[in-house]
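The structure under discussion appears below in the form of structure tokens.
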Amino acid sequence: MGKMKFYAIKTPALQKIVTSWTECEALTHGVKACQFKSFPTRESAEEWLSGISKVHADGLRIYVDGSFSPDFDRAGWAFIAVEDGKEIATESGVTDLPAESRNIDGELTASLHAMAWLKRMGKTGVICHDYEGIARWAKGDWKANKPISKRYVLEARKYPGMKFEKVPAHSGVKWNEAVDERAKAAIVRAKKELAIAKQNLSALPPLEIEKPEKKSATKIAAEGTQLDLFG
């Protein structure tokens with residue numbers, strides 16, 4: 001007899017764990033927007049359903065977050081690397097392109113910057129996030145449909161084996177709250193820089209364009225004769 005499997009099922013109307021493929025197929029066949037996956041333990045199936053991975057609190061953890069402001073077309077992003085409870089690195093900025101999905105663009109961008117930092121530093125760690133899609137798309141649990149998620153999936157493939165942990169949003173988790181503030185601050189900073197750039201541009205004197213000299217037929221003929229003489 002084979003080992004027992006636990007089938008986690010998630011649909012718009014149902015979240016359930018069953019222990020047989022027959023029951024799983026009956027609940028999922030023909031159902032739109034349905035996801036299901038088998039696991040060796042009930043605990044891992046429950047983690048998949050909740051989107052929360054249980055990891056050890058020590059070691060290197062990188063908190064990521066994104067932000068969006070309706071009066072600015074780019075999303076803000078930030079990450080804070082924390083090792084044994086102490087901040088060891090941080091980066092923040094705004095997205096290169098206008099946001100397609102508001103703060104989600106920032107969330108995904110922050111995750112990619114965190115992955116790149118880990119690789120650059122030669123370190124391994126856990127990416128802590130409050131937006132579920134960060135882990136779902138990277139692991140292949142969700143299908144990427146929009147351009148931003150497709151780009152994320154493509155880039156995330158460059159960093160295999162990443163570990164993720166979902167943390168509750170706006171619930172007093174110290175570093176998650178801190179990275180949220182830095183993503184917001186990145187937008188404020190970018191808006192100020194843009195305003196200064198526009199102000200400097202408006203202060204420049206108007207560009208003077210030299211108009212070509214109008215030449216008479218006589219002058220053109222004379223120049224032509226001169227060129228022939230030196231030809």
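For reference, positions follow the sequence shown, starting with 1. The figures here come from the full heavy-atom set of this structure, side chains too, leaving out hydrogens, waters and symmetry mates. As the structure is a computational prediction, the values presented were derived from the model and not from experiment.
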Does NZ in Lys191 sit with more than 12 non-hydrogen atoms of other residues, nucleotides or ligands closer than 6.0 Å?
->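 Enclosed.
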Between Tyr7 and Thr19, is any side-chain donor less than 3.5 angstrom from a side-chain acceptor?
->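 Side-chain D/A pair, Tyr7 to Thr19: absent.
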Check whether any side-chain heavy atom of [X] sits under 4.5 Å from a side-chain heavy atom of [Y], and report yes or no.
{"X": "Leu118", "Y": "Leu60", "result": "yes"}
{"X": "Ile9", "Y": "Val18", "result": "yes"}
{"X": "Lys119", "Y": "Tyr159", "result": "yes"}

Check ion pair [X]-[Y] (N to O, under 4.0 angstrom):
{"X": "Glu100", "Y": "Arg151", "result": "yes"}
{"X": "Lys16", "Y": "Glu23", "result": "yes"}
{"X": "Lys166", "Y": "Glu132", "result": "no"}
{"X": "Asp96", "Y": "Arg74", "result": "no"}

Which of these passes salt bridge (charged side-chain N to carboxylate O under 4.0 Å, His left out) with Arg182: Glu91, Glu177, Glu87?
->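 Only match with Arg182 under salt bridge (charged side-chain N to carboxylate O under 4.0 Å, His left out): Glu87.
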Shortest non-hydrogen contact from Trp77 toward Ala186 =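 Reported closest heavy-atom pair: O-CB, 4.1 Å.
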Return the orientation label for the Trp137 and Tyr131 ring planes: parallel under 30°, perpendicular over 60°, tilted otherwise.
->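 Ring orientation of Trp137 relative to Tyr131: tilted.
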Whether Phe164 and His129 hold their rings parallel, tilted or perpendicular, with breakpoints at 30° and 60° |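 The rings of Phe164 and His129 stand perpendicular, inter-plane angle above 60°.
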